[in-house]
There are 2 protein chains.
Amino acid sequence: MTPAGRRIAAAAEELFYERGITPVGVDLIAEHSGVTKRTLYNQFGSKDQLVATYLAIRDQRWRSYVSAAVEARDDPVEAVTAPFDALRTWSESNTRGCAFVNALAELPDPAHPAHRVATEQKLWLSRLFEELATEAGCPHPATLATRLLVLHEGALATQPLPLDTLEPSAELARALVRAEPSPRR
Amino acid sequence: MTPAGRRIAAAAEELFYERGITPVGVDLIAEHSGVTKRTLYNQFGSKDQLVATYLAIRDQRWRSYVSAAVEARDDPVEAVTAPFDALRTWSESNTRGCAFVNALAELPDPAHPAHRVATEQKLWLSRLFEELATEAGCPHPATLATRLLVLHEGALATQPLPLDTLEPSAELARALVRAEPSPRR
DNA sequence: AGTGATGTTCACCGATCAGTATACGTACGA
DNA sequence: TCGTACGTATACTGATCGGTGAACATCACT
């Protein structure tokens with residue numbers, strides 16, 4: 001990606017996330033990245049393609065963030081709920097909720113690339129939970145993974161409320177992991 | 001509300017929910033309701049006001065739906081998780097997720113009436129869970145209510161995924177209620 | 001010296017946006 | 001019978017939308 005392309009992507013990421021996709025026009029993105037609209041179209045071809053790139057970048061950054069939190073844990077049991085710890089610090093600087101859920105809300109067309117990216121992101125987290133649960137020796141990793149995914153998404157979705165849901169969700173998640181017998185311990 | 005006003009509101013509800021708020025113009029709503037744009041503005045004054053009305057109507061319908069499901073339960077313990085049963089049938093004909101979460105994704109401005117409606121809807125459900133938990137004799141209704149709310153929103157948010165999360169969420173919710181000692185039983 | 005990629009400037013396209021103006025019809029209640 | 005509310009019809013405003021055309025500048029690499 002060229003220098004101008006990177007500036008465009010950075011501006012698009014911030015504007016799309018903070019203000020939503022539909023209400024943000026390509027002119028605004030070009031202006032914020034100090035670039036002509038012509039350059040934007042030379043680099044990305046269309047707004048839809050720029051949206052897809054925006055989501056892909058976000059997905060990559062988020063996965064790296066979660067993976068780092070998981071690998072920082074030595075205890076395999078603690079590693080299972082590490083994504084909840086990552087969610088706490090992540091959402092401190094991402095107060096507009098999940099970019100993918102928001103994108104799906106704005107783009108009803110299932111053929112839009114946003115749907116593929118969003119679905120794969122959630123499935124990635126689900127698989128991660130299942131793998132971690134298996135490594136921790138939990139007897140029913142698939143069931144546990146589904147429960148943890150629901151708790152994770154629920155905590156994320158209730159962030160804008162004047163309730164503290166993140167810590168209770170993480171606490172319940174840890175309880176669920178501990179409740180399952182861990183033969184390897 | 002006049003007959004024309006009702007037709008406009010009905011068309012707005014369907015279009016806003018199915019296609020999103022921003023991409024649906026007032027011309028389209030007027031056309032779908034068989035009404036002139038002039039009539040639309042005579043009745044609602046502005047698009048923002050129409051959006052607020054749309055969300056208020058949806059909120060009212062949803063609360064009635066959940067309340068009916070709760071009141072249909074004789075056992076107070078089963079009543080606690082009745083909103084999860086309501087969610088199952090509700091989401092069968094509402095496949096685009098939560099209208100309020102979607103609206104927040106499109107309307108970042110916290111001053112928009114959509115934010116107030118959405119927040120109050122979630123808090124209403126939270127209070128409902130707490131009241132039902134209290135009536136069922138649960139010793140920690142506030143804690144349980146937060147957990148049930150997170151599970152509910154999580155199940156709702158993961159609906160578009162090719163995973164069955166609704167039934168596992170409801171099952172876990174019932175387990176949480178049963179786990180708490182119920183002195184009244 | 002030549003060539004292709006990157007980027008700029010500026011003007012432009014048709015379509016759509018939210019919202020308004022004016023004038024006319026129709027039904028109902030005082 | 002007269003006024004008022006409800007609704008229609010058509011035309012219009014200025015702004016913004018996503019996207020394009022054409023000409024020109026800069027730089028690196030061969």
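Below, chains carry the letters A, B, ... as their sequence lines are ordered, and counting in each starts from 1.
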Quick check for you: among D:dC17, C:dG19, D:dC6, whose closest atom lies nearest to any side-chain atom of B:Tyr41? C:dG19
Which one, D:dG7, D:dT10, C:dG19, comes nearest to the side chain of B:Thr39? D:dG7
Compare side-chain N and O positions of B:Ser46 against OP1 and OP2 of C:dG19 and report whether any pair is under 4.0 Å apart. no
Which of these nucleotides, C:dG19, C:dT6, D:dG18, is closest to any side-chain atom of B:Lys47? C:dG19
Step through the shown structure and confirm whether more than 12 heavy atoms of other residues, nucleotides or ligands are within 6.0 Å of CD on B:Glu18. yes
Once you round it to whole Å, what is the distance between C1' of D:dT8 and CD1 of B:Ile8? 12 Å
Within the 3.5 Å criterion, strictly below it, is a donor on B:Thr158 or B:Thr165 matched to an acceptor on the partner's side chain? yes
Checking contacts here: which listed nucleotide (C:dT6, D:dG18, D:dT10) is nearest the side-chain heavy atoms of A:Gln43? C:dT6
Does A:Lys37 get its side chain close enough to the base of D:dG19, under 3.5 Å, for a donor-acceptor pair? yes
Measure from CG on A:Leu28 to P on C:dC17 and round the result to the nearest Å. 20 Å
Can you measure B:Arg7 atom CZ to D:dC6 atom C1' for me and round it to whole angstrom units? 12 Å
For A:Glu31 and D:dT16, give me the distance from atom CD to atom C1', rounded to whole Å. 13 Å
A quick test of your reading: do over 12 heavy atoms of other residues, nucleotides or ligands sit less than 6.0 Å from CG of B:Asp74? no
Nearest whole angstrom, please: distance from the P of D:dC24 to the CG of A:Asn42. 17 Å
Taking atom P of C:dA18 as reference, at what distance in whole Å does atom CG of B:Asp27 sit? 7 Å
Check the pair B:Asn94, B:Trp62 against side chain to side chain contact (heavy atoms under 4.5 Å, CB included), reporting the backbone distance first and the verdict last. CA-CA 11 Å; B:Asn94 293 270; B:Trp62 177 79; over 6 Å; no
Tell me if a side-chain donor or acceptor on B:Glu106 pairs with a main-chain N or O of B:Ile21 at a distance below 3.5 Å. yes
To the nearest angstrom, how far is B:Arg38 atom CZ from D:dT8 atom P? 13 Å
Mind checking B:Gly5 for me? I need base, sugar-phosphate or nothing, with any heavy atom below 4.0 Å counting as a touch. nothing
Here the distance between atom P of C:dG7 and atom CZ of A:Phe44, to the nearest Å, is 10 Å
